[in-house]
Amino acid sequence: MKENFETHMIDLPGLGKSKGLEGRVTSKSLANWVKTYMDQCEIDSVSLIGHSLGGAVLLAFAVHYPERVKKLILLDQGHKPFPRVPIAEFGSFAYVLPFLNVCVHLFGKRFLNKLTPFFTQQDEQKKDELSVEVKEFCERISIVENEYVRLAVKEAPNITEEGLSLMFGYYNLNLPKLLKSVKVKTCLVYGTFENINEKEYRNTRKYIQKMLKYKNLPITYYPIKSGHYVHWSESTILDVLKGFLI
């Protein structure tokens, strides 16, 4: 009998059309958010795939609700901690992130409300401005520009108060600790940063070697010669993912 497959793609909590999380964002609240969605859709168990922040959300779900997960695919997520000063992700803004994180912890929603306007896009970008932003983005993370990248930059959602809360919650997650707790069959596709960023290449290799010491973990590691955006790399990643899921 042929098995029916159904796919779901959901926005991150507080971004796009998804409702945000109430209160402090933790691995358990992220897991509960995914569980609520699955319960509403009457989904018993699933195979999951997520990149970056999305991967962190799904990793949290797999750790707290392993009985609901068939297989887990993480795209460059979980094997190393999120940097305290994430320059590659946020540029010069990254230097104030630790200070903002302390303020969010101390003042909570009041501070997030004050911070939100700085992340809101006021007007639609002009075509030439968008072109420059896409080029700079691709150069910064060492990927080839294509229609999907252009669309992702153009359609980037405004950051709401709930979205900021999610990001600071993510900033404070202990990702390697979560990964060491995983009990479901997992495929971790990670960017090596080889010939892209020497410091991050060494950093990635260090944390992968640490993870490999935990031989009892049900994790298959698959390196890709790329940066963080492994799904936009020129590789055989689709064949790897299909093979793992089948």
Side-chain angles (χ1 to χ4, degrees), residues 3-10 12 27-28 30-31 34-35 37-38 43-83 88-89 141-144 148 170 173-246:
E3 186 175 356
N4 292 321
F5 290 92
E6 185 178 356
T7 60
H8 291 247
M9 181 178 289
I10 55 177
L12 293 166
S27 66
K28 188 61 186 292
L30 291 171
V34 178
K35 179 180 179 295
Y37 175 82
M38 288 179 58
I43 300 171
D44 180 54
S45 62
V46 290
S47 291
L48 302 169
I49 179 168
H51 169 255
S52 195
L53 202 165
V57 174
L58 299 183
L59 174 58
F61 177 73
V63 168
H64 290 288
Y65 297 101
E67 71 280 1
R68 305 288 296 270
V69 181
K70 295 177 182 176
K71 292 182 180 179
L72 173 66
I73 295 175
L74 298 173
L75 302 179
D76 208 58
Q77 184 55 279
H79 54 300
K80 55 187 177 182
F82 190 71
E89 290 81 4
I141 63 175
S142 302
I143 60 173
V144 177
Y148 301 107
Y170 170 58
L173 287 178
N174 188 330
L175 297 166
K177 183 179 179 180
L178 277 176
L179 189 61
K180 291 171 190 173
S181 302
V182 77
K183 293 180 173 62
V184 302
K185 192 172 182 182
T186 301
C187 178
L188 172 56
V189 181
Y190 66 93
T192 64
F193 288 85
E194 185 177 357
N195 299 323
I196 295 175
N197 183 320
E198 183 60 30
K199 181 180 178 181
E200 198 57 35
Y201 169 69
R202 294 195 303 270
N203 192 45
T204 300
R205 186 171 58 179
K206 178 182 74 174
Y207 280 106
I208 285 293
Q209 288 174 347
K210 283 186 177 181
M211 291 304 306
L212 288 173
K213 293 179 180 178
Y214 296 86
K215 300 185 184 297
N216 61 324
L217 295 177
I219 303 173
T220 300
Y221 299 90
Y222 192 89
I224 295 285
K225 288 186 178 180
S226 74
H228 181 53
Y229 291 80
V230 292
H231 52 302
W232 280 337
S233 65
E234 296 184 274
S235 67
T236 57
I237 185 172
L238 286 180
D239 293 332
V240 173
L241 301 186
K242 286 179 183 178
F244 176 74
L245 291 174
I246 295 172

Report task. For the pair Trp232 and Tyr229, name the ring-plane relationship: parallel under 30°, tilted 30 to 60°, perpendicular over 60°. Result -> parallel

Query raised in the report: Can Met211 and Lys180 be said to form a side-chain contact (heavy atoms from CB on, under 4.5 Å), step by step?
Result: CA-CA 8 Å; Met211 291 304 306; Lys180 291 171 190 173; 3.9 Å; yes

Query raised in the report: What's the shortest heavy-atom distance between Thr186 and Val184, and which atoms?
Result: OG1-O, 2.9 Å

Query raised in the report: Between Ala60 and Ser27, what is the shortest heavy-atom contact and its length?
Result: CB-O, 3.4 Å

[X] side chain to [Y] main-chain N or O, any donor-acceptor pair under 3.5 Å?
{"X": "His79", "Y": "Lys210", "result": "no"}
{"X": "Lys183", "Y": "Pro66", "result": "no"}
{"X": "Arg68", "Y": "Ala62", "result": "no"}
{"X": "Asp76", "Y": "Val230", "result": "no"}

About how many Å separate [atom2] of [Y] and [atom1] of [X], when rounded to the nearest 0.5 Å?
{"X": "Ile73", "Y": "Leu59", "atom1": "CD1", "atom2": "CG", "result": "13.5 Å"}
{"X": "Phe82", "Y": "Gln77", "atom1": "CZ", "atom2": "CD", "result": "9.0 Å"}
{"X": "Leu75", "Y": "Cys187", "atom1": "CG", "atom2": "SG", "result": "8.5 Å"}
{"X": "Lys242", "Y": "Ile237", "atom1": "NZ", "atom2": "CD1", "result": "12.0 Å"}
{"X": "Met38", "Y": "Tyr65", "atom1": "CE", "atom2": "OH", "result": "11.0 Å"}
{"X": "Lys215", "Y": "Leu217", "atom1": "NZ", "atom2": "CG", "result": "10.5 Å"}

Query raised in the report: How about Tyr37 and His8: does a side-chain donor come under 3.5 Å of a side-chain acceptor?
Result: yes

Query - Verdict with reasoning, Phe61 to Val63, per side-chain contact (heavy atoms from CB on, under 4.5 Å) - result: CA-CA 5 Å; Phe61 177 73; Val63 168; over 6 Å; no

[Y] and [X], any side-chain heavy atoms less than 4.5 Å apart:
{"X": "Leu58", "Y": "Val69", "answer": "no"}
{"X": "His228", "Y": "Phe193", "answer": "yes"}
{"X": "Leu175", "Y": "Tyr170", "answer": "yes"}
{"X": "Leu179", "Y": "Leu188", "answer": "yes"}
{"X": "Ile49", "Y": "Leu245", "answer": "no"}

Query - Counterpart residues, ring pair (Phe, Tyr, Trp, His ring centres under 6.0 Å), relative to His64 (two or more places apart) - result: none

Query - side-chain contact (heavy atoms from CB on, under 4.5 Å) evaluation trace for Lys80 with Tyr190 - result: CA-CA 10 Å; Lys80 55 187 177 182; Tyr190 66 93; over 6 Å; no

Requested in this report: For Lys185, look at atom NZ and say whether over 12 heavy atoms of other residues, nucleotides or ligands are found less than 6.0 Å away.
Outcome: no

**Report entry** Within 6.0 Å of OH in Tyr221, more than 12 heavy atoms from elsewhere
**Finding:** yes

Query raised in the report: Passes side-chain contact (heavy atoms from CB on, under 4.5 Å), Ile208 versus Thr192? Steps please.
Result: CA-CA 10 Å; Ile208 285 293; Thr192 64; over 6 Å; no

